2 protein chains.
Amino acid sequence: MQDCIYTAAESVERSGLKGLPLFKACQDSFFQKMAKRALTQKHSKGKILFLHGDEARYFYFIQKGLVRLFRETLDGSQVTVDILPAGQVLALRTIFEDDLYPYSAEIVENAEITSYPLSYLKDEIQTNNTLALNMLSSMSRCKRRKEQEIEHREIQNAPQRIGCFLLRLIPQNKEGPVTIHLPYDKTLVAARLGMQPETFSRALSKLKRETGIKIKGATIELDTVQQLVQFSCAACSSEFPCKDLQQREF
Amino acid sequence: MQDCIYTAAESVERSGLKGLPLFKACQDSFFQKMAKRALTQKHSKGKILFLHGDEARYFYFIQKGLVRLFRETLDGSQVTVDILPAGQVLALRTIFEDDLYPYSAEIVENAEITSYPLSYLKDEIQTNNTLALNMLSSMSRCKRRKEQEIEHREIQNAPQRIGCFLLRLIPQNKEGPVTIHLPYDKTLVAARLGMQPETFSRALSKLKRETGIKIKGATIELDTVQQLVQFSCAACSSEFPCKDLQQREF
DNA sequence: TTTGCGCCTTGACCAAAGTCAATTCAAGGG
DNA sequence: CCCTTGAATTGACTTTGGTCAAGGCGCAAA
């Protein structure tokens, strides 16, 4: 089965990197250099992009599709670290570590992904202080997200965690009724939230019973966000309009 | 009750910062400037250093004692983020965020703590790219630790988590018998590992039964680290000699 | 030495989530 | 339109850890 189609190196304009806030401090020369070595590939569902512990030469930008990051233990169980949609970058942080990928990456929805050499980024950051500072705040936010995740897994129960997940999918200041569409399969959402699919299913019904939200397949309707806020955010150390939702991995 | 004793601004030599790898790229002028505004205080157990959400003006270096970082939810439950021993810095990352402390800090063992103005650090990092790069790798490691913590809470059970905690207290390449002394109260260790004291107590007995370690109060003896490695590291995505144990919060 | 206060442990019970298995549902291919 | 396949749900049961309450242990002050 063909699960990967190569295309030529990209033009600067197409480069997704240029649009990212993280790189706004970079000159055109940087993007041009990057674009020359950029490689965009189509991958189909199930493809492993790289494995935890592989030698890292590239970082990736998701043009289209979905990527699941995960780790595997000796005794065979998997932990899903995150699920990244189009527009996200992955494996960036590798440049600060030991040049080994810190997780495995699997395509979970047909994707188009551009790879860039990590070495160029490593060079750039040595001299571009603003880039370094942007990375610092970016990584700091990412770290905050991870800490919050630990917190949530400790004090939120399964239905609350789902409610919290849903709230993060919508514009935070939205008034009145909202319709939410799950961004990926329920099985994946369950994995993302660290629970079993069965638990997710039951917890979602419970959330429905307790808050009165309406569920039809992957579509969820709220009369008002307050329904969920009251239910989920009581077991959270932050105030409701959640900050720093946009950006993700590192 | 007096729970805080002030001492004069420190001499450069005493400054704990200078010894930290994180600041090795900084000039003496920086340390001198810092030292002028440094303030060392003694705090007794129970003192709150700052609260989550407080406006942040200082970061801290623990000269002596123990500090617990935690967050509190609306419905009153607390989550312990970390427990920091002497030699650690805290609240550093505040400079990359919104100038609000990202957690509360409580003295849990009589402590001596030096505070430094965040603003000076903020200035320094604008121009000192090497410092920025050191911070990046430092924060990256810290982030890795947090990710591993999420993983552990998902796939390790309570006894395994304790075993893992113990393994991190000893020189990783140690051969033969080892004696471990818990660095703080069992209640605190329990909180650190995200479990109830009762659960910790029972899980520790179970760990003893399953691995044959010897426990006498806060002292634990192993015939060999392999006893624990086999038991705990099967449910972990990393190989045993755990990396990046030294440094902590940000 | 006694007393008191935390810390720690233990028991009984409960609640939440995981596991295993059976079944239903929905979407895409023939 | 039916069939296949994977996703999702549901039921029954187990396991793990949390909760509540009662005691025990040890250290330090009186």
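Note on naming: letters A, B, ... go to the chains in the order of the sequence lines (proteins, then strands), and numbering restarts at 1 for each one. This is a predicted model, so every value here is computed, not measured.
- Partners of A/E154 by salt bridge (Lys or Arg N to Asp or Glu O under 4.0 Å), not counting sequence neighbours, listed by chain and number: B/R153.
- Closest heavy-atom contact between A/A56 and A/T94: CB-CG2, 3.1 Å.
- Spacing between atom CD of A/E109 and atom P of D/dG6 amounts to 17 Å, rounded to whole angstrom units.
- Proximity of B/K45 to the phosphate of C/dG6: no side-chain N or O atom is located under 4.0 Å from OP1 or OP2.
- If you measure from atom NZ of B/K216 to atom P of C/dC7, you get 23 Å, rounded to the nearest angstrom.
- The salt bridge (Lys or Arg N to Asp or Glu O under 4.0 Å) test applied to A/R161 returns no partner, not counting sequence neighbours.
- With salt bridges taken as basic N to acidic carboxylate O contacts below 4.0 Å, none links A/K243 and B/E97.
- Residue pairs meeting the side chain to side chain donor-acceptor pair (under 3.5 Å) criterion with at least one partner in residues 215-236 of chain A, sequence neighbours excluded, are A/H181-A/T219, A/K214-A/D223.
- Atoms NZ (A/K186) and P (D/dT10) sit 9 Å apart, rounded to a whole Å.
- Residues forming a ring-ring contact (aromatic ring centres under 6.0 Å, His included) with A/Y58 (at least two apart in sequence, or on another chain): none.
- Legend: residues meeting side-chain contact (heavy atoms from CB on, under 4.5 Å) with A/P177, ordered by chain and number and at least two apart, are absent.
- The aromatic rings of A/Y60 and A/Y101 sit tilted relative to each other, their planes meeting at an angle between 30° and 60°.
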Return a table of donor-acceptor pairs under 3.5 angstrom between the side chains of residues 193-204 of chain B and protein atoms on other chains or two or more places apart.
none

Listed pairs, N/O of protein and of nucleotides 23-29 of chain D, under 3.5 Å:
none

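- One atom, CG of B/L204, and another, P of C/dT9, lie 7 Å apart when rounded to the nearest Å.
- One axis for each end of the helix from C/dT1-D/dA30 to C/dG30-D/dC1, each built from five base pairs, and the angle between them comes to 30° at 10° resolution.
- Spacing between atom NZ of A/K208 and atom C1' of D/dA8 amounts to 14 Å, rounded to whole angstrom units.
- Partner B/D82 forms a side-chain hydrogen bond (donor to acceptor under 3.5 Å, both in side chains) with one of B/R68, B/R145, B/K146 and no other, that one being B/R145.
- A/Q160 places its CD atom 14 Å from the C1' atom of C/dA17, with the value rounded to the nearest Å.
- The distance from atom CD1 of A/I162 to atom C1' of D/dT9 is 13 Å, rounded to the nearest whole Å.
- Evaluation of the salt bridge (Lys or Arg N to Asp or Glu O under 4.0 Å) rule for A/E55 yields A/R57 as partners, not counting sequence neighbours.
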Once each nucleotide of nucleotides 22-30 of chain C is scored for protein heavy atoms under 4.0 Å, what B/S/- sequence comes out, 5' to 3'?
---------
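- Counting to the nearest Å, the C1' atom of C/dC5 and the CG atom of B/D185 are 14 Å from each other.
- Applying the salt bridge (Lys or Arg N to Asp or Glu O under 4.0 Å) criterion to A/K208, with sequence neighbours excluded, gives no partner residue.
- Using a cut-off of 4.0 Å between Lys/Arg side-chain N and Asp/Glu carboxylate O, A/R192 and A/E149 are scored as salt-bridged.
- Checking the phosphate oxygens (OP1, OP2) of D/dA8, a side-chain nitrogen or oxygen of A/T187 falls inside 4.0 Å.
- If you check the side chains of B/D185 and B/T187, you find no donor sitting under 3.5 Å from an acceptor.
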Sugar-phosphate or base contact per nucleotide [nucleotides 14-22 of chain D; S, B, -; heavy atom under 4.0 Å]
---SBBB--
